[in-house]
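Input: a single structure, listed below in C-alpha cells.
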Amino acid sequence: MGAMGRIGRIDMTEPEAGAAGEAAAEQIAALPVHWDATGRLRVLMVTSRDTGRWVMPKGWLMDGKHPWQAAEIEALEEAGAVGFISEEPLGHYHYDKRLAKGAIRCRVTVYPMVVHKLKRRWKERKQRRRHWFSPRKAARLVAEPELADLLARLEAGLKQQSVVMKMR
C-alpha cells in the first residue's frame, strides 16, 4: 500500500480478450490531476501522436519498473507532468490499439497522479498538445467508453473522487 492509503477500483464489465479470444495486451496510464485556484478538480489530457485525439498519457509496461512507475514516466514524457503518483490503480479501461498489421485489444490500468509542476520543455512537446479539462469535459472528449465512464465518475463525486481528494 502506498503513502496515501488504499485506492478504490473501478471494475468494468467489458471482456478482456480480443475478438479471437486472446488475452488483452497490458498497458498503463497516468491520470494527472490538480485543483485550480477555485478548488475545482482538473484532468490533464494530451493529444495522441497519430490522430490528435485527446487521451491520457499511457504506454507499455517497462522492464524493471513497477506499473505505477511506468505510468509516471509516461506522464513526464508525454505531458511534462511531475508529481505524486499512487501505487494503487484507480481503475482500468479497454481500447483497440491500431498497428500497421491491424489492431490489438489493450487493457489499460490507470494510476492517479497529483501534478505539482508542468515542465516547459519535455520529451514529446513537439508531437503533442496538453490541456487541463474538467473531468466532465474530458469524459466527452475521449473515444473509449470505459475511460469516459471513469472520468464521469470523478465529476459525479463518487468514490473515485474521494480517493483522488485524499491525494490532495
Side-chain angles (χ1 to χ4, degrees), residues 2-5 7 10 25-100 103-104 106-144 146-148 150-155 160-161 163-168:
M4 62 167 275
I7 298 278
I10 301 172
E26 293 290 327
Q27 287 194 313
I28 46 75
L31 176 59
V33 300
H34 87 118
W35 288 264
D36 67 16
T38 64
R40 294 178 300 173
L41 182 66
R42 296 291 182 215
V43 176
L44 184 65
M45 305 293 285
V46 296
T47 53
S48 65
R49 289 186 292 190
D50 54 355
T51 65
R53 71 190 185 286
W54 290 103
V55 298
M56 290 189 317
K58 69 178 178 297
W60 301 105
L61 295 169
M62 299 177 187
D63 289 340
K65 301 286 184 195
H66 292 289
W68 64 88
Q69 291 171 320
E72 185 176 32
I73 291 167
E74 293 296 340
L76 177 61
E77 291 179 355
E78 294 184 8
V82 178
F84 172 79
I85 193 155
S86 172
E87 295 177 9
E88 294 291 330
L90 182 62
H92 66 268
Y93 68 95
H94 296 84
Y95 81 106
D96 295 320
K97 181 165 183 67
R98 290 177 238 141
L99 301 171
I104 59 169
C106 292
R107 179 182 188 266
V108 183
T109 303
V110 179
Y111 293 89
M113 176 183 191
V114 175
V115 176
H116 299 295
K117 176 183 177 184
L118 284 180
K119 291 182 159 259
R120 289 184 183 180
R121 297 172 56 99
W122 71 96
K123 186 176 181 179
E124 297 183 15
R125 71 186 177 279
K126 294 181 181 176
Q127 300 165 351
R128 300 177 186 272
R129 290 181 303 144
R130 65 183 178 193
H131 188 77
W132 291 107
F133 294 102
S134 71
R136 179 181 297 159
K137 176 75 173 183
R140 288 194 306 262
L141 292 172
V142 298
E144 302 83 2
E146 292 174 326
L147 177 55
L150 188 151
L151 292 164
R153 288 174 189 252
L154 282 175
E155 184 70 25
Q160 286 69 33
Q161 184 169 353
V163 166
V164 173
M165 290 295 286
K166 290 178 187 174
M167 295 174 65
R168 193 171 184 187

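As the structure is a computational prediction, the values presented were derived from the model and not from experiment.
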Is there side-chain contact between [X] and [Y], with heavy atoms separated by less than 4.5 Å?
| X | Y | answer |
| --- | --- | --- |
| Trp68 | Pro112 | no |
| Leu44 | Val33 | no |
| Glu74 | Met62 | yes |
| Leu154 | Leu31 | yes |
| His92 | Val110 | no |
| Val108 | His94 | no |
| Gln27 | Leu61 | no |

Going from [atom1] on [X] to [atom2] on [Y], what distance comes out if it is rounded to the nearest 0.5 angstrom?
| X | Y | atom1 | atom2 | value |
| --- | --- | --- | --- | --- |
| Ile28 | His66 | CD1 | NE2 | 13.5 Å |
| Phe84 | Met113 | CZ | CE | 10.0 Å |
| Ile73 | Glu78 | CD1 | CD | 11.5 Å |
| Arg53 | Leu141 | CZ | CG | 12.5 Å |
| Glu87 | Tyr111 | CD | OH | 9.5 Å |

Checking Asp96 against Ile104 for the side chain to side chain contact (heavy atoms under 4.5 Å, CB included) test, could you report, in this order, the C-alpha distance in whole Å, the side-chain angles of both residues, the deciding distance, and whether it holds?
CA-CA 5 Å; Asp96 295 320; Ile104 59 169; over 6 Å; no
For the residue pair Lys58 and Tyr95, would you count it as a cation-pi contact if the rule is NZ or CZ under 6.0 angstrom from the ring centre and within 45 degrees of the ring axis?
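Ring-cation test returns yes.
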One pair to check against side chain to side chain contact (heavy atoms under 4.5 Å, CB included): Val115 and Val82. What are the steps and the verdict?
CA-CA 6 Å; Val115 176; Val82 178; over 6 Å; no
What are the two closest heavy atoms between [X] and [Y], and how far apart are they?
| X | Y | result |
| --- | --- | --- |
| Ala29 | Met56 | CB-CE, 3.8 Å |
| Thr109 | Pro89 | CG2-CB, 3.4 Å |
| Pro57 | Ala75 | CB-CA, 3.8 Å |
| Met45 | Val142 | CE-CG1, 3.3 Å |

Does a salt bridge link Glu26 with Arg107, judged by any charged N lying under 4.0 Å from a carboxylate O?
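Salt bridge present between Glu26 and Arg107.
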Run the numbers on Cys106 and Tyr93 for side chain to side chain contact (heavy atoms under 4.5 Å, CB included), then give the verdict.
CA-CA 8 Å; Cys106 292; Tyr93 68 95; over 6 Å; no
Given the rule in the side chain to side chain contact (heavy atoms under 4.5 Å, CB included) test, do Leu147 and Val55 qualify, once you have shown the distances and angles that lead to the verdict?
CA-CA 9 Å; Leu147 177 55; Val55 298; over 6 Å; no
In residues 125-138, what donor-acceptor pairs under 3.5 Å come from side-chain atoms, sequence neighbours left out?
| unit_1 | atom_1 | unit_2 | atom_2 | d |
| --- | --- | --- | --- | --- |
| Arg125 | NH1 | Trp122 | O | 2.8 |
| Gln127 | OE1 | Arg49 | NH1 | 3.3 |
| Arg128 | NE | Glu124 | OE1 | 2.4 |
| Arg128 | NH1 | Thr47 | O | 2.9 |
| Arg128 | NH2 | Glu124 | OE1 | 3.1 |
| Arg130 | NH1 | Ala79 | O | 2.7 |
| Arg130 | NH1 | Lys119 | O | 3.0 |
| Arg130 | NH2 | Lys119 | O | 2.9 |
| Ser134 | OG | Lys137 | N | 3.0 |

